[in-house]
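Remarks on the structure that follows.
All chains are named by letter (A, B, ...) in the order of the sequence lines, taking the proteins before the strands, and each is independently numbered beginning at 1.
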Amino acid sequence: MPSRTRTSTSVDETATILQQMAEALGLIDTVHPHLEEAEKKLLSIADKFMSSGNGASCRVEGLSNTDKVHLQRRLAERCRHRAEIVTVNYDELFTDSNCEERFEKDRNHPRVFFVFNAEHFISSLRQTLLYKLLNGTMLYPWLVVLAVNSQDFYGHLEKRVRSRLSPDRICVSPTTDISTYLSHFYQLLSKDKFPEMFGFLARCSFAKQLNYLYQMNSDFDVLRRCTALMLTELICLEELTTERAESALKFVIEMHVPAVPLKSPFFNILKDLSLRQIAVLMCATRLFKQLESRFDDKAEASQISFRQVFLEYKQMANKSYKLLDVNSDKIIFEEIRRLGSLGLLTIGNKTTNVSFQKISLPVDVYSLSEQFKTLSLPAAVQDFFAHVSAM
Amino acid sequence: MTPSLLGRVRGCLSSPARCLSHLHCFGLQESGLRETVGQMLEEMQQNEWKVVYCDLLYADGSLKQLLISLGDALHLLRVRSTIHTIKDLVEALNHKLREDSCKGLIICLDHAESASSFTSSAINAFFDFPNFIDQENPLVRILTLGERSWQAINAANFTIGQIPVPEFYFPIMDKDDCISLLCEALPEIESSLVKFVVDAAYIHCISPNRLAKLVLRVHDEIEAASKTDKTPIRNLNFSAAFCRKAMAEMLGTNTVVLDAKKENARPKVEQQPDYLVMPVFQRYLLLASFCASNNAISTDKRFFIKHHGREKRSAKREIRLEEKAQLKDFDPKTADLQRIVAICYTLLKKHYDDGDVLTKIMDLNSLLNTLSCMNLVSRTSSASNLDQPRYKCLLSLDAAKQIARFGEDL
């Protein structure tokens, strides 16, 4: 294989590319290649509704963050002059008591209802609202669009509601083949409008990383965010090279979909703890390991008390590293509480006596022990825990 | 702080892409995350960005409360009478942003961990709201700050949104950075002393603020000692004693405080815990409640009565008892007042010749009330149960031992 050379650009060229990147970033929200089909279907339903004047309904299915707001905006643009647009968010139901009354006014006037997160209405009490809306489509010139996140929405509806909902279904599904996914990526970069920028990015090999992202999460919004973050990263750079561009994309993809779970930001915090805090956490981990080997029942092995951790810590300090010794159990209890607030330990609140309060580990004992190996600890402390874990 | 990290956050915040509506910055309190981000936001504010601060902790799981506080911070009540729903907020913001001439709005939400106290649907709807802002208006960004990563907040509680949030990790200062920062912040103190103290204390404490306090204290004590003794000794051995003492008091390290006279230090004044400075009767009552809470009733006879009869003891029985003890739940149990009083009287009679007289003059109720106020004992039965009240001792074994030994020194 030929060795890859670092490709850098001249100063003028860099300035042009950066300028184009900033412009492409501004346009990134206007690109919706994944919604083209859904938009067409929805607008045809709207046109039919406006030409006939009869009520209609449909549902838009797709995961959250699939830009259903864009569909609502396009629908509103199309129907603005001939019908009133009403957007319903499910949170209004809890806080706005007059929400339902609003639907009752001017019934005979053409209206378009766009209901976001309609799956929250499927509990039996709230289905009445859906019924009222859908029944309205039978009697008045109403168009009701239900935007739902879950695919099994239809099955949960009561018969009276289901019978009034038209079978028209618009599905916004994630991309199912990699070539379309790659073409979406290039569309997000506004390939035709910015030839210089595209020329530079075409020299980078993004295929591997995009393939990885596609396999992990083929959602278009993730791709859009990654592209936006990559462009932002590149704009912040002083020198523009293909290698930098590739590593920027790799960085932002790992930010969204960590390559290895152990590299997740959850464990970043370990490096920031003081040696005393790490020692306390290691003592707790060691106790959990011991308990697991002693009890077959995992439930029994899942909890230890503050006092047990303190005794373990004292033993470690006395035997291996005198410098870490403390003069009171309160100090260790404070550290346990701090680790609890950081989410590294879960502290039970059943007991009022601090010494006997129970703690448990929210993460797997063994993955946490693996993380300890990556930290630079004094040899004496490492030896103590290595010796114990071998026991 | 690495400039590239801040540059990256600033770049994302000021990016024209609306899809980056939510960003998360996390790092320990000691990393100076809030100060650094605050400074950056102030600079952005001067650069025609609008920044408002809110706290998820104060909203206490109520979306309405969060929206009201956001409405207050943004002065939206002038535009709309109430901000109780997300729709209200979006409409008011659309109206306000159309009038204001700013590059964009950044909503900075502190204590991101408290997002878990909201219902999943409410918090999802909240983080979704920037998508509903009109495209013609300046963009709206939500910046959350917290000690834990967004993934960790999600993993521990529930899924907030289905798409991961771009997050930026602010690491803490390492030891060398901390020393140079303290040397800059405390120019009146010798750098060798700062280095010495930070070197010794860094394994216990990573907070620059606490380390600065420690350095100042050691410095003050050295100054005071050299003034009184007029000995211009300034070597590190001399500082070590003061450093050890200050660390023991401020960070709880177990280093022996050197003899005051020998090391020319001020006389050692040990502060006694509250529970040691209490009347003798109260101490006995507390110990009795500890014994009653932590021992089974069946053991009372063996512990507190002199001739309690013979017990069969065999190796088998001992092993079984040990195994039982290992599996035993070590939590303290509730005990009847009657039992506590009986144990207390037994102890008093054992230690004092006039124990019988003492037991008659003791005012048990007031003593128990005081202990209860000090959170050393808690009543587990209802207040109306005057017949057989039950109490639980909240004292740890160490503290109980300390109290039991306290009388010996007198």
- Please look at B:Leu139 and chain A and tell me whether the side chain, the backbone, both or neither of the residue comes under 4.5 angstrom of a heavy atom of that chain. neither

- Do you know the tightest heavy-atom contact between B:Cys19 and A:Arg225? O-NE, 3.6 Å

- Can you see which heavy atom on A:Cys236 is nearest to which on B:Gly11, and at what distance? SG-CA, 4.1 Å

- Item | Interface moiety of B:Tyr202 toward chain A, non-hydrogen atoms closer than 4.5 Å | backbone

- Indicate yes or no: does B:Glu30 engage A:Arg338 in a salt bridge with an N to O separation below 4.0 Å. yes

- Message: Tell me whether A:Lys271 at atom NZ has more than 12 heavy atoms from other residues, nucleotides or ligands lying less than 6.0 Å away.
- Response: no

- Item | Nearest heavy atoms of B:Leu28 and A:Leu273, plus distance in Å | CD1-CD2, 4.3 Å

- Message: Check for me whether A:Arg73 meets the cation-pi criterion with B:Phe132, that is, NZ or CZ under 6.0 Å from the six-membered ring centre and within 45 degrees of the ring axis.
- Response: no

- Item | B:Thr253 and A:Arg276: CA distance, side-chain angles, deciding distance, side chain to side chain contact (heavy atoms under 4.5 Å, CB included) verdict | CA-CA 10 Å; B:Thr253 56; A:Arg276 188 199 272 173; 3.9 Å; yes

- Message: Walk me through whether B:Leu394 and A:Phe356 qualify under side chain to side chain contact (heavy atoms under 4.5 Å, CB included).
- Response: CA-CA 9 Å; B:Leu394 305 176; A:Phe356 298 103; over 6 Å; no

- Item | Residue A:Phe333 versus chain B: region with a heavy atom under 4.5 Å | neither

- When rounded to the nearest 0.5 Å, the distance separating CD1 of A:Ile235 from OG of B:Ser15 is 7.0 Å

- Message: So which residue, A:Thr30, A:Ile278, A:Leu324, ends up with the most heavy-atom pairs under 4.5 Å with chain B?
- Response: A:Leu324

- Can you tell which part of A:Ser305 gets under 4.5 Å to a heavy atom of chain B, answering side chain, backbone, both or neither? neither

- Message: Need one label for A:Glu335: side chain, backbone, both or neither, based on atoms under 4.5 Å from any heavy atom in chain B.
- Response: side chain

- Task: Measure B:Cys205 against the heavy atoms of chain A and call it side chain, backbone, both or neither at under 4.5 Å.
- Result: backbone

- Supply the atom-to-atom distance A:Leu344 CG to B:Arg148 CZ, rounded to the nearest 0.5 angstrom. 8.0 Å

- Contact class of A:Ala24 relative to chain B, heavy atoms under 4.5 angstrom: neither

- Note on the structure: One should read off an interatomic distance between A:Phe116 CZ and B:Asp128 CG, to the nearest 0.5 angstrom, of 9.0 Å

- To the nearest 0.5 Å, atom CG of B:Asp398 lies from atom OG of A:Ser328 at 7.5 Å

- Bottom line for A:Ile28: the part with an atom under 4.5 Å from chain B's heavy atoms is side chain

- Report the distance from atom CG of A:Asn327 to atom CE of B:Met247, rounding to the nearest 0.5 Å. 10.5 Å

- Task: Can you tell which part of A:Asp29 gets under 4.5 Å to a heavy atom of chain B, answering side chain, backbone, both or neither?
- Result: side chain

- Message: Heavy-atom cut-off 4.5 Å, strictly under: side chain, backbone, both or neither for B:Leu20 against chain A?
- Response: side chain

- Please determine, among B:Ser396, B:Cys12, B:Pro166, the option with the most heavy-atom pairs under 4.5 Å with chain A. B:Pro166

- Heavy-atom pairs under 4.5 Å with chain B are the metric here; pick the option from A:Ile331, A:Val326, A:Thr232 that has the most. A:Val326

- With a 4.5 Å heavy-atom cut-off, do B:His204 and A:Ser274 have their side chains touching? no

- Query: Of all heavy-atom pairs between B:Pro16 and A:Gly26, which one has the smallest distance, and what is that distance?
  - Reply: CG-N, 3.8 Å

- Item | Nearest-0.5 Å distance that lies between atom CZ in B:Phe26 and atom CG in A:Asp272 | 9.0 Å

- Message: Heavy-atom cut-off 4.5 Å, strictly under: side chain, backbone, both or neither for A:Phe251 against chain B?
- Response: side chain

- Message: If we define contacts as heavy-atom pairs under 4.5 Å, which of B:Leu251, B:Asp88, B:Asp174 has the most with chain A?
- Response: B:Leu251

